[in-house]
Protein chains: 2
Amino acid sequence: MSGHARQHPTIKDVAERAQVSPATVSSVLRANKNVSDISRQKVLEAIEALGYRPNRLAQALRTQRSRTVGLIIPDITNPFYADIAQGATDQARESGYGLFLMTACESETALRQAAEELVQRQVDGLLLTSVGLDYAITPWQLDKVPYVLVNRYAKTAVADYVGIDNRSGAQEVVRFLHGLGHRRIAFIGGLPHSSASRDRLEGFYAAMQELDLTLSPLHIGFADLQYDKAMKLVQSMLQTEPRPSAVFAADDMMALGAWEGAQSVGVRVPQDLSIVGFDGIWSTAWAGIQLSTVVQPRYELGRLAVSLLHERIQGLTSPARVRLLPYQFMARRTTAAAPIDSVRSIN
Amino acid sequence: MSGHARQHPTIKDVAERAQVSPATVSSVLRANKNVSDISRQKVLEAIEALGYRPNRLAQALRTQRSRTVGLIIPDITNPFYADIAQGATDQARESGYGLFLMTACESETALRQAAEELVQRQVDGLLLTSVGLDYAITPWQLDKVPYVLVNRYAKTAVADYVGIDNRSGAQEVVRFLHGLGHRRIAFIGGLPHSSASRDRLEGFYAAMQELDLTLSPLHIGFADLQYDKAMKLVQSMLQTEPRPSAVFAADDMMALGAWEGAQSVGVRVPQDLSIVGFDGIWSTAWAGIQLSTVVQPRYELGRLAVSLLHERIQGLTSPARVRLLPYQFMARRTTAAAPIDSVRSIN
DNA sequence: GTGAAAGCGCTAACAA
DNA sequence: TTGTTAGCGCTTTCAC
């Protein structure tokens, strides 16, 4: 007997009203056991009448399952991550999970803190898209919380990984630019310690070498995935002599920044400078933009990551899986044949 | 004695190792009571040694506070909501809350379900940015979960509201276009049942009237905040005769779609057609875009919403508050003086 | 300053 | 089929 002016009705209140035991109510709730139709009916009525809502926290405490996954992304404001997040939430809902969101800017400690809090909140699993993984991940190798890596993997981490073949994507871009007559191709990297950035850089190098293109040290730099930094970097690259005829940025944000940088110093895109991005965020397809880029299946990446995580949560113990999804290079309006002088300089 | 091969150490394990009672450990954890330095020391050491992490779920169950807020947005993929979400997560973290994310596409039942689940998960408060509010909100008027409305308010809901003065923002846009010589201004609305869309439409009407401008019924329509729909809508608007010389879209996404629509039928922006958006998502400022728009303080909206919510959770009972933040109209590259024939047609 | 005991709301044996 | 009991991990009186 505990029912006067309490906040929310509990399973006990329901039991009382339905004249059954709490255990029976619980059974009805989980639609699982053998409960007589008569009891079930009474319980259902009581639930309805009382406006009862199960307390998921109590359930979780008891069952040791919160039916919650944690998602850590650097920045929800970045459309690339937003798309992944959308895929993740959708798949999570369909699999019966709630989604806890944490943003951890690109720092190891932030990632660590976020993961720590998520673990304390008893998430059943973790989705990690952030950097700093190499170091920060080790701790919860020990804990039993399964996790899957999205877009960036970590050398030390033995966990499922979902992404694309960044290396070959980057190669394809360089080959395409080469085919357009470009010989001086600049590269703007993202975060040097992100596997995705590293792989793209590697692919870039490999293709340059394969095509016998030389690379000026002035034509390579990193802009931390930041629009502004890429803008400034390109401005300075365009001061060099001979200047690049094409810029390949390791992500769309930087490519867009590069574009603004070029425009700000009177260099026309694509006539004077071709620009290629990476990721294929939606805005690259807009009428005013039409950025050439490598389109990743971002939404599907998010979905797939949750599926794999779900399997792990269910107890799957197979060795770490790697799932590489197909990407697609899209040549759009920011790439054109290299300017004459550029080609001549090679012949 | 309960400690062989258990998953995670509990407060009991810590107590045992530190040779104190669980109650003492708890006191140390919350840095609150009178605990002797000697005990505290022992406890801290035990925590360290065992790698103990408090179980936030158990804490929540006991204290009836989950230190969690729920955020419901239509679509995390929409930069406008992403910015709000970022502000919300940041402020939430600073206030000691975790953030549960749910997306509920623009439907009443989806919103209802999302809120329902969040309540079951015992969030301390709710942030609502979705539509369908008028109907769906009523239920948890009854429950004790406080909530605040962001960007859209509901007539029936008596709750804190955070937004901007959409009506006057829209008026400002029309006046600006009028000043540029535009006389035939089309309007693309978002969701008719969203307060934000309604207010913008209202402001549009008011200004048109105030300036003695007539409005063809062919020059007004709704595109559900969708890029594609706006694109098609504008295509058909441009078939009308006389056609509009300016389009005012109730959100940036639609403005961008309108742009593509115009381009697809050979109408130049801004020479033949001026376009204005609303919200001021970041991409409108990019080099390739430069969309004229009404810039909302999206990030601050998200932050403020959480602050207000926090106060409510603390027990504040003052009547519903309305917080209107300043906006800023930015005339950029998609607006220009009306074409000659357009002006002439008025004189 | 500290510990024993009760209980948050629920589920899972086990008995009946 | 149903109810009783114990307890998930924690906090919180209330004695001592």
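All values below come from the heavy atoms of this structure, side chains included, with hydrogens, waters and symmetry mates left out. These numbers were taken from a predicted model, which means no experiment stands behind them. Below, chains carry the letters A, B, ... as their sequence lines are ordered, and counting in each starts from 1.
- For C/dG9, the OP1/OP2 oxygens have no side-chain nitrogen or oxygen of A/T10 closer than 4.0 Å.
- Positionally, the nearest nucleotide of DNA chain C for B/A23 lies more toward the 5' end than for the other of B/A23 and A/A23.
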(request) Go through the steps for A/Q120 and A/E116 under the test side-chain contact (heavy atoms from CB on, under 4.5 Å), then give the verdict. (result) CA-CA 6 Å; A/Q120 291 186 183; A/E116 176 70 26; 3.4 Å; yes
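- Between the CZ atom of B/R67 and the P atom of D/dC10 there is a distance of 17 Å, given to the nearest Å.
- Phosphate contact (OP1/OP2 of C/dA12, side-chain N/O of A/R30, threshold under 4.0 Å): present.
- Atoms CG (B/D13) and C1' (D/dC10) sit 13 Å apart, rounded to a whole Å.
- For A/K12 and C/dT11, the NZ to C1' distance is 15 Å, given to the nearest whole Å.
- B/S36 has a side-chain polar atom (N or O) that falls below the 4.0 Å cut-off from OP1 or OP2 of C/dT2.
- In this structure, B/I11 places its CD1 atom 5 Å from P of D/dC10, rounding to the nearest Å.
- Under a 4.0 Å N-O distance rule, the pair B/R321/B/E311 qualifies as a salt bridge.
- If you check D/dG3, D/dT12, D/dG7 against the side chain of A/R62, the one that comes closest is D/dG7.
- For A/E48, the CD atom counts as loosely surrounded, since its 6.0 Å shell holds 12 or fewer non-hydrogen atoms of other residues, nucleotides or ligands.
- No donor-acceptor distance shorter than 3.5 angstrom exists from the side chain of A/D90 to the backbone of A/G87, with no hydrogens or angles considered.
- When the C1' atom of C/dC8 is taken as reference, atom CG of A/N55 falls 9 Å away, rounded to whole Å.
- Distance A/R56 CZ to C/dG9 P: 17 Å, rounded to the nearest Å.
- Side-chain nitrogen and oxygen atoms of A/T63 include none within less than 4.0 Å of the OP1 or OP2 phosphate oxygen of D/dC8.
- Summarising the geometry, the separation between NE2 on A/H8 and C1' on C/dC8 is reported as 13 Å, rounded to the nearest angstrom.
- Both B/A58 and B/T24 sit near DNA chain C, but only B/T24 has its closest nucleotide nearer the 5' end.
- Using a 4.0 Å cut-off, some side-chain N or O of B/S39 falls inside it from OP1 or OP2 of C/dT2.
- In this model, the phosphate group of D/dG9 is approached by a side-chain N or O of A/Q64 to a distance below 4.0 Å at OP1 or OP2.
- Contact check for B/N55 versus B/H8: no side-chain heavy atoms found under the 4.5 Å cut-off.
- For the pair A/L61 CG and C/dC10 P, the interatomic distance rounds to 12 Å; values are reported in whole Å.
- Contact check, B/R65 against D/dT11: no side-chain N or O comes under 4.0 Å of OP1 or OP2.
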